[in-house]
Q: 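This structure is in structure tokens; I'll ask about it shortly.
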Amino acid sequence: MFSIRGLEHRYGDVLVLRVDQWRASSGEHWLLSGPSGSGKSTLLHMLSGLTAPIRGEVRVAGIDLATVGGSVRDRFRGRTIGLVPQRLHLIGALTVRDNLRVAQYLADLPDDRERVQELLEAVQIADHADRYPRELSQGQAQRVAVARAVVNRP
């Protein structure tokens, strides 16, 4: 499913992440743990194509993320990767329902309203579908972010 080789990332002169080699196949489960500031989020951002490595190769589903352009990489991520970031990045001007629908749109997928409703029910937030993120508790917003991460069946 993904492979990493010779990966490095720095913020300025500070090396924040180094992974010599890591490979995970479809169906495998991994736990990524470490202290705050150890590079966990940076690594996840690289695996999702949100951050480019300074050195090395990141391949996901056979695609070298460094070789595909921004909009192609964004559509690939939208169709292939489900990520719930620490900061949820819900779009404040959109309702809960539309935050899920926009994920389909940005991945260039059809508007599947049944899928959106199914997920809102699954995370027990369907009764808040017409609310805006600012009207949700933190826990409710997290459930919306989880639903958004899987709406495209990554």
Side-chain angles (χ1 to χ4, degrees), residues 1-116 118-120 122-123 125 133 136 138-139 141-154:
M1 186 63 180
F2 75 81
S3 64
I4 294 171
R5 192 173 59 214
L7 183 67
E8 279 190 14
H9 193 72
R10 296 176 180 272
Y11 291 116
D13 292 335
V14 178
L15 178 67
V16 295
L17 182 66
R18 178 182 295 147
V19 179
D20 293 328
Q21 190 170 6
W22 184 21
R23 181 181 197 94
S25 298
S26 183
E28 289 184 354
H29 298 270
W30 290 83
L31 172 67
L32 185 60
S33 72
S36 180
S38 65
K40 300 177 301 292
S41 293
T42 299
L43 177 58
L44 291 175
H45 287 173
M46 286 186 196
L47 282 169
S48 65
L50 289 169
T51 300
I54 301 298
R55 279 199 187 97
E57 180 181 276
V58 177
R59 297 182 73 82
V60 177
I63 304 294
D64 182 352
L65 295 180
T67 65
V68 293
S71 62
V72 172
R73 188 175 52 243
D74 290 343
R75 275 192 300 283
F76 172 79
R77 180 177 42 258
R79 291 174 177 222
T80 311
I81 298 167
L83 178 68
V84 180
Q86 288 178 347
R87 293 187 188 124
L88 302 177
H89 299 292
L90 297 176
I91 301 171
L94 298 179
T95 64
V96 165
R97 177 183 291 110
D98 288 342
N99 264 277
L100 273 63
R101 292 178 62 216
V102 77
Q104 295 172 332
Y105 172 80
L106 292 172
D108 201 24
L109 293 170
D111 184 14
D112 187 347
R113 292 173 187 241
E114 287 179 25
R115 172 73 174 161
V116 168
E118 169 189 306
L119 285 170
L120 292 175
V123 297
I125 201 83
L136 303 175
Q138 182 64 29
Q142 286 175 329
R143 287 184 276 160
V144 173
V146 168
R148 185 185 56 195
V150 299
V151 69
N152 294 337
R153 295 180 170 90

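Position 1 is the first residue of the sequence; numbering continues from there.
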Q: Kindly indicate whether the side chain of Leu43, heavy atoms from C-beta on, has any atom under 4.5 Å from the side chain of Leu7.
A: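 Side-chain contact under 4.5 Å: yes.
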
Q: Mind checking what makes salt bridge (Lys or Arg N to Asp or Glu O under 4.0 Å) contact with Arg79, not counting sequence neighbours?
A: none

Q: Ring pair (Phe, Tyr, Trp, His ring centres under 6.0 Å): which pairs involve residues 16-37, sequence neighbours left out?
A: Phe2-Trp22, Trp22-Trp30

Q: Count the heavy atoms of every other residue, nucleotide or ligand shown that sit under 6.0 Å from CZ of Arg10, and state whether that count exceeds 12.
A: yes

Q: Among residues two or more places apart or on two chains, list those pairs meeting salt bridge (charged side-chain N to carboxylate O under 4.0 Å, His left out) that have a residue in residues 56-66.
A: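 Every salt bridge (charged side-chain N to carboxylate O under 4.0 Å, His left out) pair that includes a residue of residues 56-66, provided the two are not neighbours, is Arg5-Glu57.
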
Q: Would you say that Asp74 contacts Leu106 through its side chain, given a criterion of any heavy-atom pair below 4.5 Å between the two side chains?
A: no

Q: Using the salt bridge (Lys or Arg N to Asp or Glu O under 4.0 Å) criterion, which residues pair with Arg115? Sequence neighbours excluded.
A: Glu118

Q: Looking at OG1 of Thr51 and CG of Leu65, how far apart are the two atoms once the value is rounded to the nearest 0.5 Å?
A: 11.0 Å

Q: If a pair satisfies side-chain hydrogen bond (donor to acceptor under 3.5 Å, both in side chains) and one of its residues is in residues 39-49, list it, with sequence neighbours excluded.
A: Tyr11-Thr42, Ser41-Gln86

Q: Report yes if some heavy atom in the side chain of Val123 is under 4.5 Å from a heavy atom in the side chain of Val144; otherwise report no.
A: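 SC-SC contact between Val123 and Val144 ruled out.
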
Q: Please enumerate all residues that pass side chain to side chain donor-acceptor pair (under 3.5 Å) together with Arg75, with sequence neighbours excluded.
A: none

Q: Do Arg77 and Val60 make a side-chain contact, defined as non-hydrogen atoms from C-beta onward lying under 4.5 Å apart?
A: no

Q: What residue pairs, at least two apart or across chains, pass salt bridge (charged side-chain N to carboxylate O under 4.0 Å, His left out) with a residue in residues 19-36?
A: none

Q: State, with a plain yes or no, whether a side-chain heavy atom of Leu17 is found less than 4.5 Å away from one of Met46.
A: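 Yes, side chains in contact.
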
Q: Not counting sequence neighbours, list each pair that qualifies as a salt bridge (charged side-chain N to carboxylate O under 4.0 Å, His left out) and has a residue in residues 89-104.
A: Arg97-Asp130, Asp98-Arg101, Arg101-Asp111

Q: Anything under 3.5 Å between a donor and an acceptor, one on a side chain of residues 146-154, the other on a protein residue two or more places apart or in another chain? List them.
A:
residue, atom, partner, partner atom, Å
Arg148, NH1, His89, O, 3.0
Arg148, NH2, Leu88, O, 2.6
Asn152, ND2, Gly78, O, 2.9
Asn152, ND2, Ala103, O, 3.1

Q: Could you grab the distance from atom CG of Leu83 to atom CG of Leu47, nearest 0.5 Å is fine?
A: 9.5 Å

Q: To the nearest 0.5 Å, how far apart are OG1 in Thr80 and CE in Met1?
A: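 It comes to 6.5 Å.
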
Q: At their closest point, which heavy atom of Val58 faces which heavy atom of Pro53, and how far apart are they?
A: CG2-CG, 4.4 Å

Q: Search all heavy atoms of Phe76 against all heavy atoms of Ile63 and return the closest pair with its distance.
A: CE1-CG1, 3.7 Å

Q: Closer than 3.5 angstrom, by distance alone: can the side chain of Gln104 be matched with the main-chain N or O of Asp112 as a donor-acceptor pair?
A: yes

